[in-house]
Amino acid sequence: MDFKNRVFALTIKIPRGKVVTYQLLAKALGDPKKARAVGNALNKNIDTKNIPCHRVVRSDGQAGGYAFGNAEKIKKLKSEGLEIKNGVISSLSAILFKFKH
DNA sequence: ATTATGACCGAAG
DNA sequence: GCTTCGGCCATAA
């Protein structure tokens, strides 16, 4: 299984209303330094129908990027109950989803 | 093999 | 709060 598929496999597990940082996802893959590569993988494969890639955000609380425009990403997050003001997610730590080891 | 790019991160000023 | 910078890694050329 190549890198991007591992990224997708984990992304699909993120429950509605919760989010994960790129770094956290990378850590779940075994190396927290892969955060950048994770974003790169999500950028190339866009299956918004099957993969909730909008639930992956930056560690600083900002939404991060999105292939169809980050405005669209924020819109989706809001529609799942998340509160975002000034482009920053409120209470990020409270809605952070933790992967099982 | 080397270079460039990008939905990243943390430290420093 | 802000910007800049160096370091990361997977991918494509």
Side-chain angles (χ1 to χ4, degrees):
Chain A
M1 204 176 206
D2 55 357
F3 186 77
K4 61 186 177 189
N5 287 65
R6 289 195 292 158
V7 173
F8 291 140
L10 291 177
T11 305
I12 297 175
K13 294 182 178 179
I14 307 173
R16 192 200 155 109
K18 296 220 169 185
V19 295
V20 174
T21 68
Y22 293 97
Q23 192 170 36
L24 201 60
L25 216 166
K27 188 182 287 184
L29 292 177
D31 188 350
K33 289 175 293 195
K34 292 182 168 188
R36 197 165 192 176
V38 169
N40 204 333
L42 289 176
N43 179 36
K44 291 185 176 179
N45 298 289
I46 312 154
D47 301 346
T48 56
K49 295 289 193 213
N50 310 309
I51 301 171
C53 47
H54 58 278
R55 299 199 185 124
V56 187
V57 302
R58 296 182 39 148
S59 63
D60 59 11
Q62 294 185 51
Y66 198 58
F68 296 123
N70 72 330
E72 185 66 21
K73 182 171 184 177
I74 293 176
K75 186 178 177 183
K76 287 199 167 214
L77 290 174
K78 276 182 156 187
S79 71
E80 293 192 355
L82 276 69
E83 183 182 343
I84 301 176
K85 49 180 169 183
N86 291 2
V88 181
I89 301 175
S90 309
S91 320
L92 178 61
S93 58
I95 59 174
L96 214 52
F97 174 71
K98 301 187 188 334
F99 291 106
K100 301 176 182 179
H101 48 39

Earlier contact from the 5' end, DNA chain C, for Lys44(A) and Lys33(A):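 Looking at DNA chain C, the more 5' nearest nucleotide goes with Lys33(A).
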Check: dC8(C) base within 3.5 Å donor-acceptor of Arg36(A) side chain: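 A donor-acceptor contact between them is present.
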Under 3.5 Å donor-acceptor pair, Tyr22(A) side-chain atoms to dA7(B) base atoms: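 Flag set: donor-acceptor pair detected.
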Thr11(A) and Arg55(A), any side-chain heavy atoms less than 4.5 Å apart: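 With C-beta onward as the side chain, the pair stays apart.
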From [atom1] of [X] over to [atom2] of [N], roughly how many Å is that when rounded to an integer?
{"X": "Asp47(A)", "N": "dA7(B)", "atom1": "CG", "atom2": "C1'", "answer": "15 Å"}
{"X": "Asn45(A)", "N": "dA7(B)", "atom1": "CG", "atom2": "C1'", "answer": "13 Å"}
{"X": "Asn40(A)", "N": "dC8(B)", "atom1": "CG", "atom2": "P", "answer": "10 Å"}
{"X": "Asp60(A)", "N": "dA11(B)", "atom1": "CG", "atom2": "C1'", "answer": "14 Å"}
{"X": "Phe68(A)", "N": "dA7(B)", "atom1": "CZ", "atom2": "C1'", "answer": "12 Å"}
{"X": "Phe3(A)", "N": "dA7(B)", "atom1": "CZ", "atom2": "C1'", "answer": "13 Å"}
{"X": "Gln62(A)", "N": "dT3(C)", "atom1": "CD", "atom2": "P", "answer": "10 Å"}
{"X": "Leu42(A)", "N": "dA10(C)", "atom1": "CG", "atom2": "C1'", "answer": "12 Å"}

Proximity to the side chain of Arg58(A) - top-ranked nucleotide from dA7(B), dC8(B), dC9(C):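 Per side-chain heavy atoms of Arg58(A), the pick is dC8(B).
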ILVMFWY cluster, Phe68(A) and Leu42(A) together (side-chain gap under 4.5 Å):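 No, Phe68(A) and Leu42(A) fall in different hydrophobic clusters.
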5' precedence on DNA chain B between Ala37(A) and Ser59(A) (nearest-nucleotide basis):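 Final value for this comparison: Ala37(A).
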Main-chain N/O of Gln62(A) paired with Asp60(A) side-chain donor or acceptor, under 3.5 Å: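 Checked: pair present.
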Lys73(A) side-chain N/O to Ala63(A) backbone N/O, donor-acceptor pair under 3.5 Å: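 Checked: pair present.
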dA1(B) versus dA13(C) - spacing of their C1' atoms, nearest Å: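 These two C1' atoms come out 13 Å apart once rounded.
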Heavy-atom closest pair, residues Leu96(A) and Val20(A):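 Heavy atoms of Leu96(A) and Val20(A) come nearest at CD1-CA, 4.2 Å.
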